[in-house]
2 protein chains.
Amino acid sequence: MAVQNKTQFAILGILSIAPGTGYDIKRYCDTVISNVWHENFGHIYPVLSSLLKEGLVDLSEDQTIVRKKVYSISEKGLEKFMDWLVMPAEYQPVRSEFMLKFLFSSNLPDDHIIKMVEDYRNRHSAKLIEFLKVEESLKNIQTEISEKRVHFLNATVRYGILTSESAILWCDETLAIFKNINIIGSKV
Amino acid sequence: MAVQNKTQFAILGILSIAPGTGYDIKRYCDTVISNVWHENFGHIYPVLSSLLKEGLVDLSEDQTIVRKKVYSISEKGLEKFMDWLVMPAEYQPVRSEFMLKFLFSSNLPDDHIIKMVEDYRNRHSAKLIEFLKVEESLKNIQTEISEKRVHFLNATVRYGILTSESAILWCDETLAIFKNINIIGSKV
DNA sequence: CTAACCATGTAATCCGTTACATGATTAC
DNA sequence: GTAATCATGTAACGGATTACATGGTTAG
């Protein structure tokens, strides 16, 4: 049975940009596309093996350095990848643990709620700063990558920025309301 | 071994508001909290069983209607739930299939990219309209639920609204850029 | 009467995480 | 020399999805 997971497509996509090792793929996830995708080593290596078995990726021959397996996407792999790429993305059900907790917190003391929202805000605030730095660095890029790809990378970063900003906005809105309730409650 | 999943806490939380059946829990997920959480029947029923075995939920005695199991949270269950509730939410790694596809689409024709972003925009646009309706209905609520809980429900809906708006904003921004590239490209 | 909805469950599968294990290379 | 990083993998487990199976109740 062929693997049906998303990890394979993430791997094929990353290899479609440039050949690399499993370690490279992981690093790419942790840096360039960290705001849209995530992978573990424990999944990357087995999936790479099965992709190789299916002929969707190749192992590069010039193994100058031992212990390092440089994979590249095969023609067959590229075909399978493109087939997946042009299909509309499936709807993904939401699961926000933070919002789930928040929703059930009506019996917790106000200051606990305020603190939890503030913490959430700080997290997104830190993310936002990160993204803004990346955005800045993309502007000054000495383009080894094609100009077109920069547009896509930039749009991805913009996605991170807008998402963070929206989360921060929600926090501010919510804090304003709950602090207000707090004051009214303590005055009555 | 005790279950360690998130589903149990979602179930305990929902039962902490009101007793109900597995079916009720599913419906609650699909409506009230659909923009923050998601569950399947195939997971709800087994987890309910194991929660019962562990004494974290009770089966109501007045089984007027057969074939219907009304669960309620036990004192022990409430304790476990509260312990989880006050812990800060774990960081959740992002996995957006749409953004993953988008990121790798630099070799696809411009009109395909524009169409995929437009579709994404339409989806969020529809969601936004839904959320705005819910927001409106919360204003006119003949409050059987406590006034405080309404604030939490409202904040959750606001989260959905802001998230949708931010996604739509990203689409508009991206469409503007890519349509512009398109024009420049066709002129040169 | 029949379609939609209410209601509960099981089985198969698999997707992904976490922990464990190992060792080479590079930078300080 | 030692800490950090590069590099590859396996094993165990669990968490969640999907499909399957069954049947009662209600509304038109």
Side-chain angles (χ1 to χ4, degrees), chain A residues 1-12 14-15 19-31 34 36-54 57 59-60 62-71 84 90-97 100, chain B residues 1-12 14-15 19-31 34 36-54 57 59-60 62-71 84 90-97 100:
Chain A
M1 266 163 279
V3 276
Q4 291 296 335
N5 51 27
K6 316 267 188 216
T7 298
Q8 67 179 319
F9 296 114
I11 291 177
L12 289 174
I14 294 167
L15 293 181
T21 65
Y23 197 87
D24 290 335
I25 290 165
K26 169 67 170 157
R27 190 170 28 194
Y28 194 84
C29 290
D30 288 348
T31 55
S34 69
V36 300
W37 203 253
H38 177 260
E39 290 294 345
N40 299 308
F41 280 126
H43 209 204
I44 290 172
Y45 287 115
V47 171
L48 269 174
S49 301
S50 80
L51 287 174
L52 188 62
K53 234 177 269 169
E54 293 176 66
V57 298
L59 256 177
S60 98
D62 59 300
Q63 302 285 21
T64 40
I65 305 155
V66 192
R67 243 181 1 86
K68 200 171 165 173
K69 294 187 179 175
V70 181
Y71 292 91
W84 168 81
E90 289 164 30
Y91 166 75
Q92 287 180 288
V94 190
R95 274 196 143 196
S96 162
E97 198 183 340
L100 187 69
Chain B
M1 266 163 278
V3 278
Q4 291 296 332
N5 51 28
K6 316 267 187 217
T7 298
Q8 67 179 320
F9 296 113
I11 291 177
L12 289 174
I14 294 167
L15 293 180
T21 65
Y23 198 86
D24 291 335
I25 290 165
K26 170 65 171 160
R27 191 171 29 195
Y28 194 85
C29 290
D30 287 348
T31 54
S34 68
V36 301
W37 202 254
H38 177 261
E39 288 295 346
N40 299 308
F41 280 125
H43 209 205
I44 290 173
Y45 287 115
V47 171
L48 269 174
S49 300
S50 81
L51 287 174
L52 188 63
K53 232 176 272 170
E54 292 176 67
V57 297
L59 257 178
S60 98
D62 60 300
Q63 301 285 19
T64 42
I65 306 156
V66 193
R67 243 180 3 87
K68 201 169 164 175
K69 294 188 180 175
V70 180
Y71 293 91
W84 168 80
E90 290 164 27
Y91 166 74
Q92 288 179 287
V94 190
R95 273 196 143 196
S96 162
E97 198 184 340
L100 187 68

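Chain letters run A, B, ... following the sequence lines, proteins first, then strands; residues in each count from 1.
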Y23(B) atom OH is separated from dG24(D) atom P, nearest whole Å, by 16 Å
Whole-Å distance, E39(B) CD to dT18(D) P, equals 13 Å
**Request:** Taking only the side-chain nitrogens and oxygens of H38(A), find out if one of them lies under 4.0 Å from OP1 or OP2 of dG16(C).
**Result:** no
**OP:** Pick base, sugar-phosphate or nothing for G42(A), based on heavy-atom distances below 4.0 Å to the nucleic acid.
**Re:** base
Looking only at dA7(C), dG9(C), dG9(D), the nucleotide nearest the K69(A) side chain is dG9(D)
With the side chain defined as heavy atoms from C-beta on, N40(B) is closest, among dT17(C), dA16(D), dC15(C), to dA16(D)
| field | Steps toward salt bridge (charged side-chain N to carboxylate O under 4.0 Å, His left out) verdict (D24(B), R27(B)) | value | CA-CA 5 Å; D24(B) 291 335; R27(B) 191 171 29 195; 2.5 Å; yes
Counting only side-chain N and O atoms of S49(A), is one of them less than 4.0 Å from OP1 or OP2 of dG9(D)? no
Check step by step if side-chain contact (heavy atoms from CB on, under 4.5 Å) holds for T7(A) and E39(A). CA-CA 7 Å; T7(A) 298; E39(A) 290 294 345; 3.1 Å; yes
In terms of heavy-atom contacts, Y45(A) and Y23(A) come closest through OH-N, 3.5 Å
Is there a side-chain contact between H43(B) and the phosphate of dG14(D), meaning an N or O under 4.0 Å from OP1 or OP2? no
note: Y45(B), atom OH; dG15(D), atom C1'; distance rounded to Å ~ 19 Å
Winner on side-chain proximity to R27(A), out of dT8(D), dA7(C), dC6(D), is dC6(D)
Worksheet entry | Side-chain (N5(B)) to main-chain (Q8(B)) donor-acceptor, under 3.5 angstrom | yes
Given dA16(D), is OP1 or OP2 found less than 4.0 Å from the side-chain N or O atoms of R95(A)?
yes
Closest non-hydrogen atoms of R95(B) and Q92(A), given as atom of the first, atom of the second and distance, are O-NE2, 2.9 Å
- [ ] Could you tell me whether T7(B) contacts a base, only the sugar-phosphate backbone, or nothing, with contacts defined as non-hydrogen atoms closer than 4.0 Å?
- [x] sugar-phosphate
K6(A) NZ to dC14(C) P, in whole Å, measures 14 Å
Taken to the nearest whole Å, CD/Q92(A) to C1'/dA16(D) is 14 Å
Rounded to whole Å, the CZ-P distance (F41(A) to dA7(D)) equals 9 Å
Rounded to whole Å, NZ of K26(A) lies from P of dT5(D) at a distance of 14 Å
In whole angstroms, the gap separating P of dC6(C) from CD1 of I44(B) amounts to 14 Å
